[in-house]
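Here the structure comes first, spelled out in C-alpha coordinates, and everything after it is commentary.
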There are 2 protein chains.
Amino acid sequence: MSITKNDTPRVRRTPEESRANILSAAESLLVQQGPQSLRLADVAKAAGVANATVLHHFGSIDAVQQALMERMIADLVDSIMAIEIPADAPAAARADGLKTLFDAFETRGAARLAAWLELTDETSRLTVVRQAVQDVAQKKISNAGVPSDSAEDLILLSVTLAVGVGLFGPSLGKLIGKPEGRARELTLQMLLGHLERLAG
Amino acid sequence: MSITKNDTPRVRRTPEESRANILSAAESLLVQQGPQSLRLADVAKAAGVANATVLHHFGSIDAVQQALMERMIADLVDSIMAIEIPADAPAAARADGLKTLFDAFETRGAARLAAWLELTDETSRLTVVRQAVQDVAQKKISNAGVPSDSAEDLILLSVTLAVGVGLFGPSLGKLIGKPEGRARELTLQMLLGHLERLAG
DNA sequence: TTCGTTATTGACATTTTTGTCGGTAGCTCT
DNA sequence: AGAGCTACCGACAAAAATGTCAATAACGAA
(Lines give C-alpha, C1' and ligand atoms only; values in the text may rest on other atoms or scores of the structure.)
Protein backbone atom coordinates (compact mmCIF):
# COMPACT_ATOMS: atom_id res chain seq x y z
CA MET A 1 0.00 0.00 0.00
CA SER A 2 1.77 3.05 -1.24
CA ILE A 3 1.07 6.71 -0.89
CA THR A 4 -0.57 7.88 -4.06
CA LYS A 5 0.86 11.15 -5.23
CA ASN A 6 -1.36 13.26 -7.43
CA ASP A 7 -0.06 13.05 -10.97
CA THR A 8 -1.31 16.38 -12.25
CA PRO A 9 0.68 19.24 -10.77
CA ARG A 10 -1.16 22.14 -9.27
CA VAL A 11 -1.44 25.36 -11.17
CA ARG A 12 -1.02 28.41 -9.04
CA ARG A 13 -2.52 31.59 -10.38
CA THR A 14 -2.71 35.09 -9.07
CA PRO A 15 -6.01 35.73 -7.32
CA GLU A 16 -7.12 37.94 -10.20
CA GLU A 17 -6.30 35.30 -12.78
CA SER A 18 -8.05 32.66 -10.78
CA ARG A 19 -11.17 34.72 -10.33
CA ALA A 20 -11.21 35.53 -14.03
CA ASN A 21 -10.75 31.87 -14.91
CA ILE A 22 -13.64 30.84 -12.72
CA LEU A 23 -15.91 33.59 -13.97
CA SER A 24 -15.17 32.75 -17.57
CA ALA A 25 -16.08 29.15 -16.95
CA ALA A 26 -19.27 30.23 -15.23
CA GLU A 27 -20.10 32.54 -18.09
CA SER A 28 -19.94 29.84 -20.72
CA LEU A 29 -22.00 27.60 -18.48
CA LEU A 30 -24.62 30.31 -18.21
CA VAL A 31 -24.72 30.94 -21.93
CA GLN A 32 -24.70 27.31 -22.99
CA GLN A 33 -26.74 25.62 -20.30
CA GLY A 34 -28.65 28.30 -18.45
CA PRO A 35 -28.55 29.70 -14.93
CA GLN A 36 -29.63 26.49 -13.23
CA SER A 37 -26.30 24.94 -14.12
CA LEU A 38 -24.37 27.54 -12.17
CA ARG A 39 -23.84 25.07 -9.34
CA LEU A 40 -20.71 25.05 -7.28
CA ALA A 41 -19.56 21.66 -8.53
CA ASP A 42 -20.33 22.49 -12.14
CA VAL A 43 -18.56 25.81 -12.09
CA ALA A 44 -15.53 24.33 -10.37
CA LYS A 45 -15.36 21.47 -12.83
CA ALA A 46 -15.71 23.78 -15.82
CA ALA A 47 -12.96 25.98 -14.43
CA GLY A 48 -10.75 22.98 -13.78
CA VAL A 49 -10.35 23.60 -10.06
CA ALA A 50 -11.62 22.09 -6.83
CA ASN A 51 -14.86 23.22 -5.24
CA ALA A 52 -12.94 24.64 -2.34
CA THR A 53 -10.93 26.84 -4.66
CA VAL A 54 -14.04 28.55 -5.93
CA LEU A 55 -15.15 29.19 -2.38
CA HIS A 56 -11.71 30.43 -1.40
CA HIS A 57 -11.94 33.20 -3.99
CA PHE A 58 -15.60 34.09 -3.79
CA GLY A 59 -16.84 32.89 -0.42
CA SER A 60 -20.06 31.40 -1.73
CA ILE A 61 -21.70 30.30 -4.93
CA ASP A 62 -24.07 33.24 -4.67
CA ALA A 63 -21.12 35.57 -4.68
CA VAL A 64 -19.88 33.88 -7.83
CA GLN A 65 -23.18 34.56 -9.51
CA GLN A 66 -23.19 38.13 -8.31
CA ALA A 67 -19.65 38.68 -9.59
CA LEU A 68 -20.55 37.08 -12.89
CA MET A 69 -23.51 39.39 -13.31
CA GLU A 70 -21.35 42.39 -12.54
CA ARG A 71 -18.64 41.35 -14.95
CA MET A 72 -21.06 40.64 -17.76
CA ILE A 73 -22.87 43.89 -17.17
CA ALA A 74 -19.61 45.79 -17.24
CA ASP A 75 -18.65 44.12 -20.50
CA LEU A 76 -22.01 44.92 -21.99
CA VAL A 77 -21.81 48.53 -20.89
CA ASP A 78 -18.40 48.79 -22.50
CA SER A 79 -19.75 47.43 -25.77
CA ILE A 80 -22.61 49.84 -25.78
CA MET A 81 -20.53 52.80 -24.70
CA ALA A 82 -18.27 52.18 -27.66
CA ILE A 83 -21.15 52.78 -30.03
CA GLU A 84 -21.35 56.30 -31.37
CA ILE A 85 -24.51 57.38 -33.14
CA PRO A 86 -24.55 61.14 -33.63
CA ALA A 87 -27.99 62.38 -34.49
CA ASP A 88 -26.77 64.04 -37.66
CA ALA A 89 -24.89 60.99 -38.84
CA PRO A 90 -25.76 59.56 -42.23
CA ALA A 91 -28.26 56.76 -42.28
CA ALA A 92 -25.59 54.17 -42.95
CA ALA A 93 -23.69 55.12 -39.82
CA ARG A 94 -26.77 54.85 -37.69
CA ALA A 95 -27.53 51.49 -39.22
CA ASP A 96 -24.08 50.31 -38.24
CA GLY A 97 -24.57 51.57 -34.72
CA LEU A 98 -27.83 49.72 -34.36
CA LYS A 99 -26.33 46.56 -35.75
CA THR A 100 -23.58 46.80 -33.20
CA LEU A 101 -26.17 47.25 -30.48
CA PHE A 102 -28.06 44.19 -31.61
CA ASP A 103 -24.85 42.22 -31.85
CA ALA A 104 -23.90 43.17 -28.34
CA PHE A 105 -27.03 41.49 -27.05
CA GLU A 106 -27.19 38.53 -29.35
CA THR A 107 -23.58 37.43 -29.17
CA ARG A 108 -21.80 36.45 -26.03
CA GLY A 109 -25.02 35.95 -24.19
CA ALA A 110 -25.86 39.45 -23.07
CA ALA A 111 -29.49 38.74 -23.84
CA ARG A 112 -29.23 35.61 -21.72
CA LEU A 113 -27.77 37.69 -18.96
CA ALA A 114 -30.70 40.07 -19.21
CA ALA A 115 -33.19 37.22 -19.09
CA TRP A 116 -31.42 35.78 -16.09
CA LEU A 117 -31.60 39.12 -14.31
CA GLU A 118 -35.22 39.49 -15.26
CA LEU A 119 -36.14 36.10 -13.91
CA THR A 120 -34.11 36.15 -10.71
CA ASP A 121 -34.99 39.64 -9.63
CA GLU A 122 -33.32 39.69 -6.23
CA THR A 123 -33.53 43.36 -5.48
CA SER A 124 -30.03 43.49 -4.08
CA ARG A 125 -28.69 42.46 -7.43
CA LEU A 126 -30.62 45.13 -9.27
CA THR A 127 -28.45 47.92 -7.93
CA VAL A 128 -25.72 47.12 -10.42
CA VAL A 129 -28.16 47.01 -13.29
CA ARG A 130 -29.72 50.31 -12.35
CA GLN A 131 -26.35 52.01 -12.21
CA ALA A 132 -25.29 50.57 -15.56
CA VAL A 133 -28.50 51.60 -17.26
CA GLN A 134 -28.22 55.11 -15.91
CA ASP A 135 -24.63 55.42 -17.05
CA VAL A 136 -25.45 54.30 -20.54
CA ALA A 137 -28.64 56.30 -20.81
CA GLN A 138 -26.99 59.47 -19.65
CA LYS A 139 -24.20 59.26 -22.16
CA LYS A 140 -26.42 58.23 -25.02
CA ILE A 141 -28.92 60.93 -24.38
CA SER A 142 -26.32 63.61 -23.95
CA ASN A 143 -24.85 63.07 -27.37
CA ALA A 144 -28.04 62.23 -29.12
CA GLY A 145 -28.56 65.85 -30.07
CA VAL A 146 -32.31 65.59 -29.85
CA PRO A 147 -34.77 66.59 -27.12
CA SER A 148 -34.06 64.29 -24.20
CA ASP A 149 -37.58 62.98 -23.96
CA SER A 150 -37.74 61.45 -27.42
CA ALA A 151 -34.10 60.42 -27.12
CA GLU A 152 -35.08 58.38 -24.10
CA ASP A 153 -37.91 56.89 -26.07
CA LEU A 154 -35.57 55.90 -28.86
CA ILE A 155 -33.16 54.31 -26.46
CA LEU A 156 -35.91 52.44 -24.71
CA LEU A 157 -37.27 51.20 -28.00
CA SER A 158 -33.91 50.20 -29.44
CA VAL A 159 -32.65 48.42 -26.37
CA THR A 160 -35.90 46.60 -25.71
CA LEU A 161 -36.01 45.34 -29.25
CA ALA A 162 -32.33 44.48 -29.27
CA VAL A 163 -32.47 42.36 -26.16
CA GLY A 164 -35.76 40.75 -27.12
CA VAL A 165 -34.54 39.84 -30.55
CA GLY A 166 -31.22 38.69 -29.15
CA LEU A 167 -32.90 36.33 -26.76
CA PHE A 168 -35.82 34.99 -28.75
CA GLY A 169 -34.99 35.75 -32.36
CA PRO A 170 -32.77 32.76 -33.06
CA SER A 171 -35.03 30.15 -31.44
CA LEU A 172 -38.25 31.51 -32.88
CA GLY A 173 -36.71 31.78 -36.29
CA LYS A 174 -35.50 28.22 -36.14
CA LEU A 175 -38.87 26.99 -34.90
CA ILE A 176 -40.62 28.65 -37.83
CA GLY A 177 -38.01 27.37 -40.22
CA LYS A 178 -36.39 30.65 -41.04
CA PRO A 179 -32.68 31.22 -41.57
CA GLU A 180 -30.66 32.27 -38.56
CA GLY A 181 -30.77 35.99 -38.01
CA ARG A 182 -33.96 36.57 -39.94
CA ALA A 183 -35.73 38.10 -36.95
CA ARG A 184 -32.87 40.47 -36.41
CA GLU A 185 -32.85 41.42 -40.06
CA LEU A 186 -36.56 42.16 -40.10
CA THR A 187 -36.44 44.13 -36.90
CA LEU A 188 -33.48 46.22 -37.93
CA GLN A 189 -35.08 46.99 -41.24
CA MET A 190 -38.24 48.16 -39.59
CA LEU A 191 -36.44 50.11 -36.90
CA LEU A 192 -34.24 51.92 -39.40
CA GLY A 193 -37.22 52.88 -41.50
CA HIS A 194 -38.95 54.16 -38.43
CA LEU A 195 -35.97 56.28 -37.43
CA GLU A 196 -35.67 57.74 -40.89
CA ARG A 197 -39.27 58.76 -40.89
CA LEU A 198 -38.86 60.38 -37.52
CA ALA A 199 -35.88 62.36 -38.77
CA GLY A 200 -37.29 63.36 -42.14
CA MET B 1 -49.64 12.94 27.07
CA SER B 2 -52.56 12.94 24.75
CA ILE B 3 -52.93 12.10 21.14
CA THR B 4 -52.87 15.35 19.19
CA LYS B 5 -55.47 15.40 16.48
CA ASN B 6 -54.86 17.73 13.58
CA ASP B 7 -57.24 20.68 13.89
CA THR B 8 -57.45 21.59 10.22
CA PRO B 9 -59.56 19.08 8.35
CA ARG B 10 -58.20 17.60 5.17
CA VAL B 11 -59.53 18.77 1.86
CA ARG B 12 -60.04 16.01 -0.62
CA ARG B 13 -60.10 17.04 -4.25
CA THR B 14 -60.48 15.11 -7.43
CA PRO B 15 -57.11 14.33 -8.98
CA GLU B 16 -57.78 16.86 -11.74
CA GLU B 17 -58.66 19.58 -9.26
CA SER B 18 -55.63 18.82 -7.18
CA ARG B 19 -53.30 18.90 -10.14
CA ALA B 20 -54.82 22.17 -11.29
CA ASN B 21 -54.48 23.63 -7.82
CA ILE B 22 -50.82 22.69 -7.63
CA LEU B 23 -50.05 23.94 -11.12
CA SER B 24 -51.75 27.25 -10.42
CA ALA B 25 -49.66 27.71 -7.32
CA ALA B 26 -46.54 26.83 -9.27
CA GLU B 27 -47.50 29.24 -12.00
CA SER B 28 -47.78 32.21 -9.72
CA LEU B 29 -44.49 31.23 -8.11
CA LEU B 30 -42.88 31.18 -11.53
CA VAL B 31 -44.30 34.53 -12.54
CA GLN B 32 -43.63 36.29 -9.27
CA GLN B 33 -40.36 34.77 -8.12
CA GLY B 34 -38.79 33.06 -11.09
CA PRO B 35 -38.06 29.44 -11.98
CA GLN B 36 -35.56 28.88 -9.19
CA SER B 37 -38.38 29.07 -6.67
CA LEU B 38 -40.15 26.11 -8.22
CA ARG B 39 -38.91 23.84 -5.44
CA LEU B 40 -40.95 21.01 -4.10
CA ALA B 41 -41.43 22.55 -0.68
CA ASP B 42 -42.26 25.96 -2.10
CA VAL B 43 -44.79 24.66 -4.57
CA ALA B 44 -46.44 22.47 -1.95
CA LYS B 45 -46.61 25.33 0.51
CA ALA B 46 -48.06 27.70 -2.07
CA ALA B 47 -50.64 25.11 -3.02
CA GLY B 48 -51.50 24.48 0.62
CA VAL B 49 -50.71 20.77 0.54
CA ALA B 50 -47.99 18.48 1.85
CA ASN B 51 -44.88 17.74 -0.16
CA ALA B 52 -45.96 14.15 -0.52
CA THR B 53 -49.20 15.24 -2.09
CA VAL B 54 -47.40 16.99 -4.88
CA LEU B 55 -45.35 13.88 -5.52
CA HIS B 56 -48.43 11.71 -5.33
CA HIS B 57 -49.93 13.57 -8.27
CA PHE B 58 -46.87 14.28 -10.36
CA GLY B 59 -44.22 11.80 -9.32
CA SER B 60 -41.37 14.29 -9.22
CA ILE B 61 -40.72 17.99 -9.12
CA ASP B 62 -39.40 17.84 -12.66
CA ALA B 63 -42.70 16.44 -13.80
CA VAL B 64 -44.43 19.36 -12.11
CA GLN B 65 -42.30 21.78 -14.09
CA GLN B 66 -42.92 19.88 -17.30
CA ALA B 67 -46.67 19.88 -16.71
CA LEU B 68 -46.58 23.57 -15.87
CA MET B 69 -44.78 24.34 -19.11
CA GLU B 70 -47.30 22.34 -21.06
CA ARG B 71 -50.27 23.95 -19.39
CA MET B 72 -48.93 27.46 -19.87
CA ILE B 73 -48.06 26.77 -23.47
CA ALA B 74 -51.55 25.43 -24.10
CA ASP B 75 -53.08 28.53 -22.52
CA LEU B 76 -50.87 30.77 -24.60
CA VAL B 77 -51.74 28.92 -27.78
CA ASP B 78 -55.41 29.33 -26.98
CA SER B 79 -55.00 33.07 -26.50
CA ILE B 80 -53.18 33.43 -29.76
CA MET B 81 -55.52 31.18 -31.66
CA ALA B 82 -58.41 33.38 -30.57
CA ILE B 83 -56.87 36.34 -32.36
CA GLU B 84 -58.21 36.92 -35.84
CA ILE B 85 -56.40 39.31 -38.12
CA PRO B 86 -57.66 39.01 -41.68
CA ALA B 87 -55.31 40.63 -44.13
CA ASP B 88 -58.04 42.81 -45.56
CA ALA B 89 -59.22 43.99 -42.16
CA PRO B 90 -59.25 47.69 -41.47
CA ALA B 91 -56.21 49.07 -39.75
CA ALA B 92 -58.02 49.44 -36.46
CA ALA B 93 -58.85 45.75 -36.37
CA ARG B 94 -55.28 44.77 -37.01
CA ALA B 95 -54.16 47.13 -34.31
CA ASP B 96 -56.51 45.42 -31.89
CA GLY B 97 -55.19 42.03 -32.90
CA LEU B 98 -51.63 43.08 -32.31
CA LYS B 99 -52.50 44.58 -28.96
CA THR B 100 -54.10 41.32 -27.97
CA LEU B 101 -50.98 39.48 -29.05
CA PHE B 102 -48.78 41.75 -26.99
CA ASP B 103 -51.11 41.42 -24.04
CA ALA B 104 -50.99 37.67 -24.25
CA PHE B 105 -47.26 37.77 -23.69
CA GLU B 106 -47.04 40.58 -21.20
CA THR B 107 -49.83 39.54 -18.89
CA ARG B 108 -50.08 36.25 -17.13
CA GLY B 109 -46.40 35.64 -17.53
CA ALA B 110 -46.25 34.14 -20.98
CA ALA B 111 -43.11 36.11 -21.65
CA ARG B 112 -41.64 34.71 -18.46
CA LEU B 113 -42.58 31.27 -19.61
CA ALA B 114 -40.78 31.89 -22.89
CA ALA B 115 -37.69 33.12 -21.10
CA TRP B 116 -37.76 30.11 -18.85
CA LEU B 117 -37.98 27.79 -21.82
CA GLU B 118 -35.23 29.68 -23.56
CA LEU B 119 -32.91 29.43 -20.60
CA THR B 120 -33.58 25.83 -19.62
CA ASP B 121 -33.49 24.30 -23.07
CA GLU B 122 -33.72 20.64 -22.16
CA THR B 123 -34.32 19.25 -25.57
CA SER B 124 -36.98 16.87 -24.36
CA ARG B 125 -39.05 19.81 -23.28
CA LEU B 126 -38.77 21.52 -26.61
CA THR B 127 -41.05 19.04 -28.31
CA VAL B 128 -44.10 20.69 -26.83
CA VAL B 129 -42.96 24.11 -27.89
CA ARG B 130 -42.22 23.00 -31.41
CA GLN B 131 -45.67 21.51 -31.79
CA ALA B 132 -47.37 24.59 -30.39
CA VAL B 133 -45.47 26.94 -32.65
CA GLN B 134 -46.27 24.88 -35.69
CA ASP B 135 -49.95 24.78 -34.82
CA VAL B 136 -50.14 28.50 -34.39
CA ALA B 137 -48.02 29.32 -37.39
CA GLN B 138 -50.03 27.09 -39.65
CA LYS B 139 -53.33 28.60 -38.71
CA LYS B 140 -52.07 32.16 -38.78
CA ILE B 141 -50.43 31.75 -42.14
CA SER B 142 -53.41 30.02 -43.67
CA ASN B 143 -55.77 32.88 -42.95
CA ALA B 144 -53.29 35.65 -43.46
CA GLY B 145 -54.28 35.94 -47.09
CA VAL B 146 -50.81 36.91 -48.19
CA PRO B 147 -47.99 34.90 -49.71
CA SER B 148 -46.89 32.45 -47.08
CA ASP B 149 -43.29 33.56 -47.09
CA SER B 150 -43.93 37.13 -46.06
CA ALA B 151 -46.72 35.97 -43.79
CA GLU B 152 -44.15 33.88 -41.94
CA ASP B 153 -41.91 36.89 -41.75
CA LEU B 154 -44.68 38.99 -40.27
CA ILE B 155 -45.47 36.35 -37.69
CA LEU B 156 -41.84 35.96 -36.77
CA LEU B 157 -41.46 39.69 -36.41
CA SER B 158 -44.64 40.23 -34.43
CA VAL B 159 -44.12 37.36 -32.04
CA THR B 160 -40.46 38.10 -31.43
CA LEU B 161 -41.25 41.70 -30.63
CA ALA B 162 -44.26 40.79 -28.53
CA VAL B 163 -42.39 38.38 -26.32
CA GLY B 164 -39.33 40.60 -26.09
CA VAL B 165 -41.37 43.63 -25.14
CA GLY B 166 -43.45 41.58 -22.76
CA LEU B 167 -40.40 40.35 -20.91
CA PHE B 168 -38.12 43.36 -20.92
CA GLY B 169 -40.35 46.32 -21.66
CA PRO B 170 -41.66 46.93 -18.15
CA SER B 171 -38.30 46.63 -16.38
CA LEU B 172 -36.38 48.66 -18.93
CA GLY B 173 -39.02 51.32 -18.94
CA LYS B 174 -38.94 51.56 -15.20
CA LEU B 175 -35.14 51.67 -15.17
CA ILE B 176 -35.16 54.56 -17.59
CA GLY B 177 -37.91 56.30 -15.69
CA LYS B 178 -40.65 55.87 -18.24
CA PRO B 179 -44.30 55.15 -17.49
CA GLU B 180 -45.35 51.52 -17.46
CA GLY B 181 -46.17 50.25 -20.91
CA ARG B 182 -44.21 52.89 -22.77
CA ALA B 183 -42.05 50.32 -24.54
CA ARG B 184 -45.11 48.45 -25.67
CA GLU B 185 -46.70 51.64 -26.89
CA LEU B 186 -43.66 52.65 -28.90
CA THR B 187 -43.24 49.21 -30.39
CA LEU B 188 -46.86 48.83 -31.37
CA GLN B 189 -46.85 52.24 -32.96
CA MET B 190 -43.81 51.40 -35.02
CA LEU B 191 -45.05 47.95 -35.94
CA LEU B 192 -48.44 49.23 -37.08
CA GLY B 193 -46.84 51.90 -39.22
CA HIS B 194 -44.60 49.27 -40.73
CA LEU B 195 -47.51 47.01 -41.56
CA GLU B 196 -49.46 49.84 -43.13
CA ARG B 197 -46.58 50.72 -45.35
CA LEU B 198 -46.24 47.11 -46.40
CA ALA B 199 -49.91 46.95 -47.30
CA GLY B 200 -50.16 50.31 -49.01
C1' DT C 1 18.80 26.98 0.01
C1' DT C 2 15.55 27.99 3.36
C1' DC C 3 11.47 30.20 4.82
C1' DG C 4 7.04 32.47 4.78
C1' DT C 5 2.96 33.29 2.34
C1' DT C 6 -1.09 31.66 0.38
C1' DA C 7 -3.43 29.41 -3.64
C1' DT C 8 -4.93 24.89 -3.89
C1' DT C 9 -6.90 20.59 -2.55
C1' DG C 10 -9.25 16.15 -0.62
C1' DA C 11 -11.87 14.69 3.08
C1' DC C 12 -15.42 15.75 5.85
C1' DA C 13 -19.49 18.28 7.93
C1' DT C 14 -23.70 20.78 7.26
C1' DT C 15 -27.61 22.23 4.97
C1' DT C 16 -30.98 21.92 1.51
C1' DT C 17 -33.89 19.46 -1.45
C1' DT C 18 -36.02 15.47 -3.11
C1' DG C 19 -38.27 11.27 -2.62
C1' DT C 20 -40.36 6.97 0.19
C1' DC C 21 -43.59 4.68 3.19
C1' DG C 22 -47.16 3.34 6.32
C1' DG C 23 -51.02 5.01 8.21
C1' DT C 24 -55.12 8.36 8.26
C1' DA C 25 -59.35 10.37 6.68
C1' DG C 26 -62.74 11.97 3.30
C1' DC C 27 -65.84 10.26 -0.23
C1' DT C 28 -68.91 6.97 -2.61
C1' DC C 29 -71.41 2.88 -2.95
C1' DT C 30 -73.89 -0.78 -0.99
C1' DA D 1 -73.94 2.02 9.10
C1' DG D 2 -70.18 -0.37 7.02
C1' DA D 3 -66.65 -1.18 3.53
C1' DG D 4 -63.62 -0.07 -0.17
C1' DC D 5 -61.01 3.21 -2.56
C1' DT D 6 -57.56 6.61 -2.62
C1' DA D 7 -56.30 11.51 -1.78
C1' DC D 8 -53.77 13.13 1.80
C1' DC D 9 -50.28 13.63 5.37
C1' DG D 10 -46.26 13.23 8.93
C1' DA D 11 -42.09 11.12 9.70
C1' DC D 12 -38.26 9.40 7.90
C1' DA D 13 -34.65 8.14 4.35
C1' DA D 14 -31.84 9.38 0.43
C1' DA D 15 -29.60 12.37 -2.49
C1' DA D 16 -27.68 16.59 -3.81
C1' DA D 17 -25.63 20.85 -3.01
C1' DT D 18 -23.04 23.97 -0.20
C1' DG D 19 -19.57 25.05 2.88
C1' DT D 20 -15.44 23.96 6.47
C1' DC D 21 -10.83 22.64 7.65
C1' DA D 22 -6.31 21.06 8.04
C1' DA D 23 -2.68 19.79 5.10
C1' DT D 24 -0.05 20.45 0.83
C1' DA D 25 2.64 22.66 -2.67
C1' DA D 26 3.87 26.49 -5.72
C1' DC D 27 6.30 30.74 -5.68
C1' DG D 28 8.76 34.85 -4.20
C1' DA D 29 11.87 36.80 -0.84
C1' DA D 30 15.58 36.64 2.42
Side-chain angles (χ1 to χ4, degrees), chain A residues 1-26 29-30 33-69 116 120 122 124-125, chain B residues 1-26 29-30 33-69 116 120 122 124-125:
Chain A
M1 179 164 171
S2 63
I3 297 184
T4 54
K5 199 183 285 183
N6 204 331
D7 49 351
T8 60
R10 288 185 186 179
V11 285
R12 186 191 179 95
R13 296 174 241 247
T14 67
E16 293 73 26
E17 282 173 342
S18 200
R19 285 175 60 96
N21 171 50
I22 291 167
L23 287 185
S24 296
L29 273 183
L30 170 70
Q33 317 212 26
Q36 75 279 11
S37 67
L38 287 181
R39 286 175 283 258
L40 177 58
D42 292 3
V43 170
K45 185 175 179 182
V49 298
N51 295 14
T53 303
V54 175
L55 294 173
H56 171 72
H57 287 291
F58 291 93
S60 76
I61 189 62
D62 275 352
V64 173
Q65 299 181 0
Q66 175 84 25
L68 176 60
M69 282 183 181
W116 182 32
T120 54
E122 304 219 356
S124 70
R125 289 171 166 172
Chain B
M1 180 165 174
S2 64
I3 296 185
T4 55
K5 200 184 285 184
N6 204 332
D7 49 353
T8 60
R10 287 186 186 178
V11 285
R12 186 189 178 96
R13 295 174 242 249
T14 67
E16 293 73 27
E17 282 173 343
S18 200
R19 287 175 59 96
N21 171 50
I22 291 167
L23 288 185
S24 296
L29 273 184
L30 171 69
Q33 318 212 29
Q36 74 279 14
S37 66
L38 288 181
R39 285 176 283 258
L40 176 60
D42 292 2
V43 170
K45 185 175 179 183
V49 299
N51 295 13
T53 303
V54 175
L55 294 173
H56 171 72
H57 288 290
F58 291 93
S60 76
I61 189 62
D62 275 352
V64 173
Q65 298 181 0
Q66 174 84 27
L68 176 59
M69 283 183 182
W116 182 32
T120 54
E122 303 217 358
S124 71
R125 290 171 168 173

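In what follows, chains carry the letters A, B, and so on, assigned in the order in which the sequence lines appear, proteins first and then strands, with residues in each chain numbered from 1.
- Here A/I61 lies in heavy-atom contact (under 4.0 Å) with sugar-phosphate atoms only.
- Contacts of residues 17-26 of chain A with DNA chain C (heavy atom under 4.0 Å): A/S18.
- As a whole-Å value, the separation of B/R39 CZ from C/dT16 C1' is 9 Å.
- Judged as a salt bridge (charged side-chain N to carboxylate O under 4.0 Å, His left out), the pairs with a partner in residues 40-55 of chain B (not counting sequence neighbours) are, in order, B/R39-B/D42.
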Give each protein N/O atom lying under 3.5 Å from an N/O atom of nucleotides 21-24 of chain C, with the pair distance.
residue, atom, partner, partner atom, Å
C/dT24, O2, B/R10, NH1, 2.4
C/dT24, O2, B/R10, NH2, 3.3

Distances for protein N/O vs nucleotides 12-15 of chain D N/O pairs under 3.5 angstrom?
none

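- The CG atom of B/D62 sits 13 Å away from the C1' atom of D/dA16 (whole-angstrom rounding).
- At a threshold of 4.0 angstrom between heavy atoms, the contacts of A/S60 are confined to the sugar-phosphate backbone, with no base atom among them.
- Between the P atom of C/dG26 and the CZ atom of B/R13 lies a distance of 14 Å, rounded to the nearest Å.
- Atom CZ of B/R12 is separated from atom P of D/dC8 by 7 Å (rounded to the nearest Å).
- One can place CD of B/Q36 at 17 Å from P of C/dT16, the figure rounded to the nearest angstrom.
- Of the residues in residues 40-51 of chain A, those with a non-hydrogen atom less than 4.0 angstrom from any atom of DNA chain C are A/V49, A/A50.
- If you take CG of B/L55 and C1' of C/dT18, they are 7 Å apart, rounded to a whole angstrom.
- Scored by the salt bridge (Lys or Arg N to Asp or Glu O under 4.0 Å) test, A/D62 finds no partners at all (sequence neighbours excluded).
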